There are 2 protein chains.
Amino acid sequence: MGRRSIHTSDELRELIVQAATDIVDHDGLSGLSAREIAKRVNYSPGTLYNVFDNLDDLVLTIEARLLDRLAERLDLVESGGTPQHRLCRLADAYLAFTQENPKLWNLLLEHRMPTGREIPDWYRAKLGSLLTPLTDALTPLLDSFDAQEKEQAARTLWAGLHGITSLSTADKLSPIANHAAGQTVDDFVTTYISGLKNRHAN
Amino acid sequence: MGRRSIHTSDELRELIVQAATDIVDHDGLSGLSAREIAKRVNYSPGTLYNVFDNLDDLVLTIEARLLDRLAERLDLVESGGTPQHRLCRLADAYLAFTQENPKLWNLLLEHRMPTGREIPDWYRAKLGSLLTPLTDALTPLLDSFDAQEKEQAARTLWAGLHGITSLSTADKLSPIANHAAGQTVDDFVTTYISGLKNRHAN
DNA sequence: GATGTATGGATTGAGCGTCGTCCCATCTTT
DNA sequence: AAAGATGGGACGACGCTCAATCCATACATC
């Protein structure tokens, strides 16, 4: 089993992902090409296809790592204070992360799978697991809620955050919310939670 | 001044926009190409560039028309009922429109201007004007709010709606909110408004 | 009025550079 | 020798450009 390479397959995979991430972080998705990646890692374009099925597969890997980094970041948020306060800090951390990595976050928003190629299950799972810090922080507030209501509240929070961050990142859509996205996040979280408290307090 | 054409410049522009819209509506942005458009309108690819600066210019035109259609749709929402009810109906109409035109709405979400080319002002203005039905419907609820708070509330509502609709449309991001987006919209609007009412009721 | 001709915008389509992807000859280690 | 790793040319499609061509009009001539 002849191996010519200096790098193991895993190392090569790592090099490619790193180079591709650098390109996107610097130039956005439009700057990414198989030839440019190959140039940076000193391999030929064809070699990329020994490691990844295609460029979308590679992009999905970049996105997955970004989601992992976001999850780590949310884990670092301290757990003290009132539930409202904690939720605000979670939301702020989420927003901060997207603003620190605008080009990479944009990748997540603009990239689409080509028709016919499906989003793998591990990716969907990773996305779904981002909900748990929110649901955890939300539970102490929702004693009187049934399971379905809790789930719905978490979904709504997540969707709202997603809306604010994507408006803040993709300047194409934000003649509105670009400045003071932090303000919008706080307004959204505190007001929505305040509304939740109303529900069973009639 | 010889004109060879069957069509006036305006007619040709119309034909091109229509063909391009059809393509996107059927195959998404990835199916759109100058050559395919040209084939459908029976002109050569080069002719497109007499009418549009480039494909991004054309795509922006498609998007603008989509926003116009959305604005018309929101105008049709009846104005009766409580402000809450009216806001819910506005939000539902917004969601319904995006779900009736998933591929076109996706265009709005995934398309980006190439680096260096700016989003024209008329486009930003069109986007901004989508806020006014929301602010109008919101005002009766916010008597005790100052101008800044009103604006903030409208922004938050808009961003939240945007989040829910884009999760519902771009299946890449929605292992979560895909089903029952309508439920999420209603939960969001009613709960957020309920929270707003709390603010000056202490 | 009929005919010829010059004008100049409209249109074409080959061509440039780039892209993702494929594939096979080649290399290198076992 | 065997077999996996690699290089790099090739293919079709892409956005976009531009010199060449076309033809409806405007004018000149008879």
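Proteins get letters first, then strands, A, B, ... in listed order; numbering begins at 1 in each. What's counted below: heavy atoms across the whole structure, side chains too, no hydrogens, waters or symmetry copies. Keep in mind that what you see is a predicted model, and the values were worked out from it rather than measured.
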Chemist: Would you indicate which nucleotide in C:dT12, D:dG8, C:dT21 comes nearest to any side-chain atom of A:Ser44?
Modeler: D:dG8
Chemist: Pairs in or reaching into residues 36-63 of chain B: which pass salt bridge (Lys or Arg N to Asp or Glu O under 4.0 Å), with residues at least two apart or in two chains?
Modeler: A:Lys172-B:Glu63, B:Glu36-B:Lys39, B:Glu36-B:Arg40
Chemist: May I ask you to say what B:Ser33 touches in the nucleic acid, namely base, sugar-phosphate or nothing, with a heavy-atom cut-off under 4.0 Å?
Modeler: sugar-phosphate
Chemist: Say whether A:Gln84 and A:Thr190, considering side chains only, have a donor N or O and an acceptor N or O under 3.5 Å apart.
Modeler: no
Chemist: Measure the distance from CG on B:Asp56 to C1' on D:dC14 and round it to the nearest whole Å.
Modeler: 13 Å
Chemist: Take the protein atom NE2 of A:His7 and the nucleotide atom C1' of D:dA5, then report the distance between them rounded to whole Å.
Modeler: 14 Å
Chemist: I'd like a list of close polar pairs between nucleotides 14-17 of chain C and the protein, N/O only, cut-off under 3.5 Å.
Modeler:
{"from": "C:dG15", "atom 1": "O6", "to": "B:Arg35", "atom 2": "NH2", "distance (Å)": "3.4"}

Chemist: Take atom CG of A:Asp53 and atom C1' of C:dG20, then tell me their distance rounded to the nearest Å.
Modeler: 14 Å
Chemist: At 4.0 Å (heavy atoms only), tell me whether B:Leu12 reaches a base, stays on the sugar-phosphate, or touches nothing.
Modeler: sugar-phosphate
Chemist: Take atom CD1 of B:Ile6 and atom P of C:dG9, then tell me their distance rounded to the nearest Å.
Modeler: 20 Å
Chemist: I want to check something: taking the side chain as every heavy atom from C-beta on, are A:Glu151 and A:Leu131 in contact at a cut-off of under 4.5 Å?
Modeler: no
Chemist: D:dG15 P sits how many Å from B:Leu32 CG, rounded?
Modeler: 7 Å
Chemist: Just how far, in rounded Å, is C1' of C:dT11 from NZ of B:Lys39?
Modeler: 19 Å
Chemist: Residues in side-chain contact (heavy atoms from CB on, under 4.5 Å) with B:Glu11, at least two apart?
Modeler: B:His7, B:Thr8
Chemist: Just by distance, with hydrogens left out, do B:Ser30 and A:Arg112 show a side-chain donor and acceptor under 3.5 Å apart?
Modeler: no
Chemist: Which part of the nucleic acid, if any, lies within contact of A:Leu58, taking any heavy atom under 4.0 Å across all strands shown: a base, the sugar-phosphate backbone alone, or nothing?
Modeler: nothing
Chemist: Starting from C1' on D:dG15, measure out to CZ on B:Arg112 and report it in whole angstrom.
Modeler: 20 Å
Chemist: Between the side chains of B:Arg65 and B:Thr21, does any donor sit under 3.5 Å from an acceptor?
Modeler: no
Chemist: Between B:Thr47 and C:dT12, is there a contact of a side-chain N or O with OP1 or OP2 at under 4.0 Å?
Modeler: yes
Chemist: Let me know the distance between CG of B:Asn50 and P of C:dG8, rounded to the nearest Å.
Modeler: 18 Å
Chemist: Quick check against the 3.5 Å criterion: does A:Thr169 have a side-chain atom that pairs as donor or acceptor with the backbone of A:Ser166?
Modeler: no
